[in-house]
Amino acid sequence: MADPNKVDPIHQFEIKDIFSLGENGPALTNSALFMIVAVVLIVGYLILSTQKRALVPNRVQLVSEILYEFVAGMVTNAAGKAGMKFFPFVFSLFMFVLVANLLGMVPFFFTFTSHIIVTFALAMLVFVTVIVYGFYKNGWKFLKLFVPSGVPGYILPLIVLIEVVSFLSRPISLSVRLFANILAGHITLKVFSGFVVTMGSLGFLGWLGALLPLTMAVGVTALEFLVAVLQAYVFALLTSMYLNDAIHPGH
Amino acid sequence: MNKPLGPGPSSDREQTSSLTADLQARIARAKSSHEAAESAKAPSAQRDMSGMGRGLRLGSEFLAAILVGAVLGYLLDQGLGTTPWLMLVMLIIGFAAGVLNVVRTTAEMNRAASPSPDASGSRKDEQDE
């Protein structure tokens, strides 16, 4: 960004190859690199912090325990005791999204949850798990999910159709919500920071005027941290609620 | 652990258990003193956290259903050769599914918020206005 008057807020989402095998061969992109970084961070932190298994945890171990209890409470609240079977799944998703969002808040780091294909893949993972486990556990009774009780027969086809569309919309809303929040937040942040640079190039008065977008940028940064944590929470919460449908179909 | 030769293992265990009992008593005391404050604080904090999240969640639920309906109708049209009609029908059905999603999500949120309709919650509301 040599020209200060030209700020490109989309540039940060560009996927580049770090290295690739051959011209069109398999490549390690910056997106994949940060996924690996996120996984290494999560696994490393959880293993190292819980290695001592102290009765009275130190701060590092306490964070791991709080994370565990937080997700465990969420899963049991939404899906009951039977839902704890899926605890590793929900916990992995929660930690992956959380660390991805927080890594994205570090300057110059790539945010892979700002790409819809990543969030959509995560959402499809949940969706397919729900369908497969629902049929495995309940057999054809799983389809009762689409037939609410106490509906008169003549309106049933319409209701079932609406229920099916509603069910199919779940992975879309799950992925779009996470992706849109992170994308919009990062673009907003970049635009406000860009204002600071552009106005600053106008001299002293420009720097005075740049105070306003600078304050906004600070505020948006704080908001983005909130959004990063909140979206990971929402993603995990909805995952456990959808899993509840697979475990106990029929409202 | 560092001095296994000094006090025997039994006294070590005794010491640990008395330590644990002391700790338990302290935890219980701290809990009872903090519980009231915690229970008063928790619901309002959660409400503040989810204000924007709730709105975005409802919006995306609504939008996703419409999108799915329209795309499903479009694909069916492509397969059956009935070009605009199934898409229009499925768009309306997607709209209905979106409303259903929103109603369901709102009911869920109300259920999640209702278990603590105590005085502190309503007091917070009055302060907000």
Side-chain angles (χ1 to χ4, degrees), chain A residues 52 54-57 73-74 77-78 116 119-120 123 127 145-146 148 151 155 157-185 220 223-235 237-238 240-242 244-245 251, chain B residues 1 13 15-17 19-24 26-27 42 45-73 75-76 86-87 89-105 107-109 111-112 115:
Chain A
K52 278 202 291 190
L55 185 62
V56 182
M74 186 162 67
N77 264 343
I116 188 147
T119 59
F120 189 65
F127 189 63
L145 187 65
F146 302 122
V151 175
I155 209 171
L158 188 64
I159 296 291
V160 168
L161 198 58
I162 290 174
E163 288 278 354
V164 168
V165 171
S166 163
F167 184 74
L168 290 178
S169 74
R170 281 173 175 186
I172 312 283
S173 69
L174 197 58
S175 56
V176 165
R177 186 178 316 115
L178 176 58
F179 143 81
N181 269 292
I182 302 301
L183 184 82
V220 169
L223 186 71
E224 274 313 290
F225 275 108
L226 181 76
V227 166
V229 177
L230 191 68
Q231 286 308 314
Y233 166 70
V234 167
F235 196 92
L237 179 72
L238 287 176
S240 36
M241 269 165 30
Y242 295 162
N244 180 44
D245 280 346
H251 320 253
Chain B
M1 312 294 152
R13 200 177 309 141
Q15 200 184 354
T16 314
S17 77
L19 212 69
T20 316
D22 179 39
L23 183 69
Q24 267 169 351
R26 269 157 60 197
I27 288 174
Q46 200 166 10
R47 197 175 307 153
D48 291 345
M49 264 270 281
S50 58
M52 199 178 77
R54 254 191 316 192
L56 284 167
R57 194 176 150 199
L58 288 174
S60 64
E61 297 274 5
F62 189 55
L63 191 76
I66 296 175
L67 276 179
V68 166
V71 169
L72 217 63
L75 291 179
L76 282 175
L86 276 180
M87 190 176 102
V89 171
M90 289 304 288
L91 190 70
I92 293 167
I93 294 208
F95 191 81
V99 173
L100 181 72
N101 278 351
V102 168
V103 168
R104 222 168 246 167
T105 312
E108 228 161 62
M109 285 167 178
R111 219 180 314 127

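Note on naming: letters A, B, ... go to the chains in the order of the sequence lines (proteins, then strands), and numbering restarts at 1 for each one.
Looking at heavy atoms from C-beta onward, A/L158 lies in side-chain contact with B/I93 at the 4.5 angstrom threshold. Side-chain contact check for A/E163 versus B/L100: some heavy-atom pair is nearer than 4.5 Å.
Heavy-atom distances place no part of A/N77 under 4.5 Å from chain B, backbone and side chain included. Only the side chain of B/L23 has a heavy atom closer than 4.5 Å to any heavy atom of chain A. For A/V56, the part lying under 4.5 angstrom from a heavy atom of chain B is the side chain only.
Separation of atoms CZ (B/R57) and CG (A/L230) is listed at 10.5 Å; rounding is to 0.5 Å. Here the CG atom belonging to A/L174 is positioned 8.5 Å from the OG atom belonging to B/S60, to the nearest 0.5 angstrom.
Nearest heavy-atom pair across B/A97 and A/V165 is CB-CG1, 3.8 Å. In terms of heavy-atom proximity, B/A64 sits nearest to A/S169 at CB-O, 3.5 Å.
Ranked by heavy-atom pairs under 4.5 Å with chain B, the list A/L55, A/L161, A/V176 is led by A/L161.
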